[in-house]
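We name chains A, B, ... by the order of the sequence lines, and we start the count at 1 in each one.
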Amino acid sequence: MSGPIRIAFPDGSMREFPSGVTGLEIAESISASLAKAAVALDVDGTLTDLTRPLTQDCAIKIVRRDDEAALELIRHDAAHVMAEAVQQLYPGTQVTIGPSIENGFYYDFARETPFSSEDLEKIEQRMHEIVDRGETFTCEVWDRKEAIAFFEEKGEVYKAELITDLPESETITVYRQGEWLDLCRGPHLPTTKHVGHAFKLMNVAGAYWRGDSSRAMLTRIYGTAWRNEKELQAYLTMLEEAEKRDHRKLGREMDLYHFQEEAQGSCFWHPKGYTIYLALEAYIRRRLRDAGYVEVKTPQLIDNKLWVASGHWGKFRENMFVVPDEVPNTEDEGPVISGEANLMALKPMNCPAHIQIFNQGIKSYRDLPIRMAEFGCCHRNEAHGALHGLMRVRQMTQDDAHIFCREDQITQEVKAFVELFYACYRDFGFEEIQIKLATRPEVRAGSDEVWDRAEKAMADALEVLGLPFEYAPGDGAFYGPKYEFHLKDAIGRSWQCGTCQLDFVLPERLGATYIGEDGAKHRPVMIHRAILGTLERFIGLFIENCAGKLPLWLASVQCVVATITSDADGYARQVHDALRAAGIRAELDLRNEKINYKVREHSVQKVPAMFVVGKREAEERTVAIRRLGEQAQNVVGLDKAIGDLALECQPPY
RNA sequence: GCCGCAGUAGCUCAGUGGUAGAGCAACGCAUUCGUAAUGCGUGGGUCGGGGGUUCAAAUCCCUUCUGCGGCACCA
């Protein structure tokens with residue numbers, strides 16, 4: 001071994017150790033208790049095994065089991081422990097991959113018969129035993145060929161394939177825990193005992209080998225794992241709470257909308273739900289108008305000639321509903337459709353139609369940018385398994401718009417859009433918005449050179465705005481790169497809402513031009529953009545985000561006037577009329593029920609304000625205000641109460 | 001579309017081969033009550049659809065549809 005190496009500690013101090021020293025030895029040199037608590041070593045920002053020899057100068061941090069950083073290891077190790085348990089209990093089951101994920105871990109198995117929920121209990125039981133056994137995790141470096149031969153011999157063809165596909169430069173490491181071992185990059189905790197017992201297997205699901213739908217379907221078991229029982233319980237409680245704010249459940253309870261099998265994936269908006277929808281649409285319409293947009297309306301059903309020209313027929317057809325342009329056969333016998341008619345399609349997007357409007361007449365460079373908006377109802381033939389309440393529907397309405405501009409206007413237009421986007425999201429109180437820049441997909445239109453330019457323009461705009469983003473390679477639309485703005489639902493699933501897509505391709509395919517300063521024809525660039533995305537998904541997410549307690553301006557019923565006894569009926573009607581006259585969405589509850597019952601019912605319905613009136617209020621011309629979620633009653637003069645509420649019902653824009 | 005699970009009254013759910021149940025909701029009657037469930041009574045079902053096994057099927061088998069959780073795909 002060469003000379004000593006210099007180790008930097010988190011407090012800034014520096015010490016020398018002989019080359020080959022391990023994290024465990026360093027911890028021991030500090031204190032026995034630290035050595036006992038230590039589970040891994042952070043070397044220059046990368047987690048490694050405690051027993052790995054250090055041979056270079058580096059900055060380290062000793063990770064204790066209680067540290068946040070240990071969670072990932074606990075989860076990854078739990079996956080290994082689960083895999084061992086499964087192979088013990090169900091010999092012949094092949095292991096594939098098992099990473100740690102947010103809140104837990106999973107492992108994909110290849111097995112003829114699927115796991116049942118009783119199997120999960122057994123596996124969990126065995127996992128506890130393996131943890132108690134407390135085998136040491138040891139890392140071994142194997143020869144590539146021998147490793148492949150070993151796994152093939154064992155019948156572990158998936159593991160063998162993984163090794164075969166690892167780059168030559170990669171060292172093949174295997175982690176052993178007692179009798180059991182797995183191909184793994186590591187790092188791991190010192191022993192299986194360190195996993196602890198705060199884990200739970202959650203569910204079984206199918207998953208394609210290597211995420212490829214043309215390959216084998218494996219069985220995935222999901223689990224959750226935490227540092228202690230308290231954290232585990234807190235997580236399980238959070239899941240229960242989240243279930244209560246599921247927009248599908250709330251939509252039914254609050255009588256907002258429903259779905260039924262005759263129109264799967266398309267929403268039936270009830271009066272109360274549609275009130276929310278209309279209020280939201282009106283809001284975004286005001287925003288767009290003031291941001292210099294014009295609004296249009298284009299056809300639903302369009303001949304496939306246009307879809308062929310736009311490229312949708314080639315690249316997007318499997319997601320389109322196609323309709324033959326013919327009179328259906330009305331005879332009882334024989335096919336309804338001849339199969340020979342010209343085809344039309346329900347529009348899956350508005351863009352080609354907007355270009356048709358742009359193409360009418362001659363456009364000058366002075367006309368640009370043209371910001372053309374449409375609350376266009378689109379249909380997409382989504383796979384059955386993809387449908388999910390309002391989040392994933394087949395009929396959707398986007399707050400869609402296309403900005404036709406010159407290349408030199410791209411940056412300013414994109415920037416203006418992103419600013420408008422954030423101004424709107426602030427109004428809804430969404431805090432966590434994740435931005436992804438999705439780049440060229442495999443199936444695409446347009447030259448690489450055009451894509452280079454478009455992707456660069458998109459990245460530059462975000463950098464100018466100082467907004468952090470991640471790349472989503474290959475996720476772009478077939479005509480251009482895009483920003484995806486993601487929001488999370490109640491249980492943490494991420495959904496794309498807003499979008500902003502740069503498109504050099506469609507204007508060319510559909511022959512859009514403008515006359516430049518030089519008197520020659522030029523191609524406009526097209527920016528496809530949506531702030532809320534689809535109204536359906538956005539409303540679903542927003543309902544989950546506020547647990548059904550919508551802000552006043554969006555609440556379908558903003559105020560209920562409820563009487564204590566029928567003596568106050570006449571006055572209650574006056575109050576109700578006055579509320580309506582003030583533009584407030586109010587309802588009247590004159591039922592012969594106790595006030596307790598009425599308060600409970602309207603609270604469950606999440607009505608934000610109640611005006612309770614009895615004999616006293618009628619005599620004094622007041623109302624007893626009770627706000628949702630509060631116990632207190634506030635007796636206020638009628639005119640002031642209505643004035644204040646009307647003010648509060650104003651939309652944020 | 002793929003893997004798994006589920007489908008019983010408007011909602012939540014019980015019912016493992018022998019006459020379809022409960023709570024809430026609805027409806028009727030009584031009750032006029034001061035801030036989260038007043039009492040009594042009544043009606044309500046092709047047990048998702050189709051086929052099969054059986055003397056007999058909500059229950060067992062096959063098939064199909066839809067929903068749920070993932071995967072794949074995507075706003």
Side-chain angles (χ1 to χ4, degrees), chain A residues 106 108 111 113-117 119 202-222 243 246 248-249 252-253 255 258-262 264-265 316 318-319 348-349 378 380-394 396-400 438 475 477 482 484-487 491 493 495-499 501 528 530 532-538 540-541 562-569 590-605 610 612-617 624-635:
Chain A
Y106 68 78
D108 287 347
R111 182 175 182 238
T113 42
F115 295 103
S116 67
S117 40
D119 292 333
M202 304 299 282
N203 50 359
V204 185
Y208 296 109
W209 169 232
R210 297 193 147 181
D212 182 343
S213 59
S214 68
R215 307 187 72 169
M217 174 65 65
L218 306 172
T219 302
R220 174 174 299 178
I221 300 179
Y222 281 96
E243 228 171 87
D246 186 316
R248 294 164 297 188
K249 187 177 160 70
R252 192 168 48 237
E253 288 171 0
D255 192 18
H258 85 272
F259 294 86
Q260 66 186 52
E261 61 180 88
E262 289 83 353
Q264 47 176 300
F316 203 72
E318 63 174 347
N319 286 299
M349 299 181 189
C378 293
R380 295 186 192 169
N381 196 346
E382 302 290 347
H384 290 78
L387 301 177
H388 184 97
L390 283 175
M391 307 298 196
R392 193 74 182 274
V393 290
R394 286 178 155 180
M396 68 201 81
T397 302
Q398 293 171 283
D399 61 330
D400 196 16
D475 282 351
K482 61 178 177 179
E484 298 176 355
F485 298 93
H486 289 260
L487 294 177
I491 64 166
R493 286 179 291 218
W495 298 92
Q496 183 186 332
C497 291
T499 184
Q501 320 180 351
H528 309 240
L532 307 178
T534 66
L535 297 182
E536 287 83 359
R537 179 178 288 181
F538 190 84
L541 281 163
T563 50
I564 289 174
T565 68
S566 54
D567 293 342
D569 283 4
L590 301 180
R591 290 174 303 171
N592 177 11
E593 293 289 353
K594 293 173 113 171
I595 192 62
N596 283 307
Y597 182 87
K598 295 185 184 181
V599 165
R600 177 183 154 80
E601 192 159 281
H602 299 302
S603 299
V604 167
Q605 285 295 306
M610 278 184 80
V612 176
V613 296
K615 202 185 277 182
R616 234 167 26 228
E617 286 77 11
I625 304 173
R626 180 173 171 134
R627 297 297 293 259
L628 180 60
E630 287 173 24
Q631 303 271 314
Q633 326 163 24
N634 190 13
V635 179

S.K.: Provide, to the nearest angstrom, the distance between the CG atom belonging to A/L541 and the C1' atom belonging to B/C74.
M.R.: 14 Å
S.K.: Using atom C1' of each nucleotide, how far apart are B/C2 and B/U46 to the nearest Å?
M.R.: 33 Å
S.K.: For B/C5 and B/G44, measure between their P atoms and round to the nearest Å.
M.R.: 37 Å
S.K.: Would you check if the side chain of A/D399 reaches a backbone N or O of A/L532 as a donor-acceptor pair within less than 3.5 Å?
M.R.: yes
S.K.: Between B/A6 atom C1' and A/E261 atom CD, what is the distance in whole Å?
M.R.: 14 Å
S.K.: Base, sugar-phosphate alone, or nothing: which one does A/S213 contact when heavy atoms must sit under 4.0 Å apart?
M.R.: sugar-phosphate
S.K.: Any non-hydrogen side-chain atom of A/R394 less than 4.5 Å from a side-chain atom of A/N381?
M.R.: yes
S.K.: Of the candidate nucleotides B/A37, B/U35, B/U38, which contains the atom at the shortest distance from the side chain of A/K594?
M.R.: B/U38
S.K.: Any N or O donor-acceptor pair linking the side chain of A/E382 to the base of B/A75 at under 3.5 Å?
M.R.: yes
S.K.: When you match A/R380 and A/M217 each to their closest nucleotide on RNA chain B, which lands nearer the 5' end?
M.R.: A/M217
S.K.: If the C1' atom of B/G50 is compared with that of B/A14, how far apart are they to the nearest Å?
M.R.: 27 Å
S.K.: Only pairs with both distances under 3.5 Å count, Watson-Crick or wobble alike; so what is the partner of B/C60 in this structure?
M.R.: B/G52
S.K.: Out of B/U38, B/G70, B/C2, which nucleotide sits closest to the side chain of A/Y208?
M.R.: B/C2
S.K.: In whole Å, what separates the C1' atom of B/A37 from that of B/A26?
M.R.: 16 Å
S.K.: Considering only B/A75, B/U32, B/A36, which nucleotide approaches the side chain of A/R537 most closely?
M.R.: B/A75
S.K.: Of all the nucleotides listed (B/C33, B/A37, B/G69), which has the minimum atom distance to the side chain of A/R248?
M.R.: B/G69
S.K.: Return the nearest nucleotide to the side chain of A/Y597; candidates are B/A36, B/A37, B/G34.
M.R.: B/A37
S.K.: Find out whether A/E601 and A/R591 are in side-chain contact, i.e. whether some heavy atom of one side chain is under 4.5 Å from a heavy atom of the other.
M.R.: yes
S.K.: Between A/R220 (CZ) and B/C71 (P), how many Å, whole number?
M.R.: 6 Å
S.K.: Regarding A/R493, tell me which of base, sugar-phosphate or nothing describes its non-hydrogen contacts under 4.0 Å with the strands shown.
M.R.: sugar-phosphate
S.K.: With a non-hydrogen cut-off below 4.0 angstrom, is A/E593 in contact with a base, only sugar-phosphate, or nothing?
M.R.: base
S.K.: Could you tell me the Watson-Crick or G-U partner of B/U19, where both distances fall under 3.5 Å? Say none if there is no partner.
M.R.: none
S.K.: Heavy atoms, side chains only, cut-off 4.5 Å: are A/R392 and A/R537 in contact?
M.R.: yes
S.K.: Do A/N319 and A/P348 have side-chain heavy atoms sitting under 4.5 Å apart?
M.R.: no
S.K.: What's A/E617 touching, base or sugar-phosphate or nothing? Going by heavy atoms closer than 4.0 Å.
M.R.: base
S.K.: Reckon A/K598 touches a base, only the sugar-phosphate, or nothing at all at heavy-atom distances under 4.0 Å?
M.R.: nothing
S.K.: Which one is paired to B/C68, where only Watson-Crick or G-U wobble pairs with both distances under 3.5 angstrom count?
M.R.: B/G4
S.K.: For A/A624, answer base if it contacts any base atom (sugar-phosphate contacts may also be present), sugar-phosphate if it contacts only those atoms, and nothing otherwise; contact means non-hydrogen atoms under 4.0 Å.
M.R.: base
S.K.: Does the side chain of A/V612 reach to within under 4.5 Å of the side chain of A/Q633, using non-hydrogen atoms?
M.R.: no
S.K.: May I ask you to say what A/G206 touches in the nucleic acid, namely base, sugar-phosphate or nothing, with a heavy-atom cut-off under 4.0 Å?
M.R.: base
S.K.: With P as the reference atom in both, quote the distance from B/C60 to B/G45 in angstrom, rounded to an integer.
M.R.: 24 Å
S.K.: Please report the distance, rounded to the nearest Å, between CZ in A/F259 and P in B/G48.
M.R.: 23 Å
S.K.: Quickly work out the A/I595 CD1 to B/U32 C1' distance and round it to whole Å.
M.R.: 12 Å
S.K.: Taking atom P in both B/C68 and B/U12, what distance in whole Å separates the two?
M.R.: 12 Å
S.K.: Want to settle it: does A/R626 or A/K482 sit nearer the 5' end of RNA chain B, counting the closest nucleotide to each?
M.R.: A/R626
S.K.: Rounded to the Å, how far apart are A/D212 CG and B/C73 C1'?
M.R.: 12 Å
S.K.: Among B/C65, B/C74, B/G70, which nucleotide has an atom closest to any side-chain atom of A/R392?
M.R.: B/C74
S.K.: Let me know the distance between CG of A/D119 and C1' of B/C5, rounded to the nearest Å.
M.R.: 13 Å
S.K.: With both distances under 3.5 angstrom, what nucleotide forms a Watson-Crick or G-U wobble pair with B/C27?
M.R.: B/G41
S.K.: Does A/H388 reach a base, just sugar-phosphate, or nothing at all? Heavy atoms under 4.0 Å.
M.R.: sugar-phosphate
S.K.: How far, in whole Å, is B/A75 from B/C62 if one measures between their P atoms?
M.R.: 39 Å
S.K.: Have a look at A/T499 and say if it touches a base, only the backbone sugar-phosphate, or nothing, with a 4.0 Å heavy-atom cut-off.
M.R.: nothing
S.K.: Answer whether the closest heavy-atom distance between the side chains of A/M349 and A/R380 falls below 4.5 Å.
M.R.: yes
S.K.: Check every atom of B/A36, B/A75, B/G4 against the side chain of A/Q398 and return the nucleotide holding the closest atom.
M.R.: B/A75
S.K.: Any heavy-atom pair between the side chains of A/L628 and A/S603 that's under 4.5 Å?
M.R.: yes
S.K.: Tell me which nucleotide, if any, is Watson-Crick or G-U wobble paired with B/C33 when both distances must be under 3.5 Å.
M.R.: none
S.K.: Between B/G70, B/G34, B/A72, spot the one nearest the side chain of A/A386, thanks.
M.R.: B/A72
S.K.: If you measure from the C1' atom in B/U35 to the same atom in B/G43, how many Å do you get, rounded?
M.R.: 33 Å
S.K.: State which of B/C68, B/U35, B/C71 makes the closest approach to the side chain of A/N596.
M.R.: B/U35
S.K.: Should B/C47 form a Watson-Crick or G-U wobble pair with both distances under 3.5 Å, which nucleotide is its partner?
M.R.: none
S.K.: Could you tell me which non-hydrogen atom of A/R220 sits nearest to which non-hydrogen atom of A/Y222, and how far apart they are?
M.R.: NH1-OH, 3.0 Å
S.K.: For B/A9, what is the paired nucleotide under Watson-Crick or G-U wobble rules, both distances under 3.5 Å?
M.R.: none
S.K.: For the side chain of A/Q264, counting heavy atoms from C-beta on, which of B/C65, B/U35, B/A75 is nearest?
M.R.: B/C65
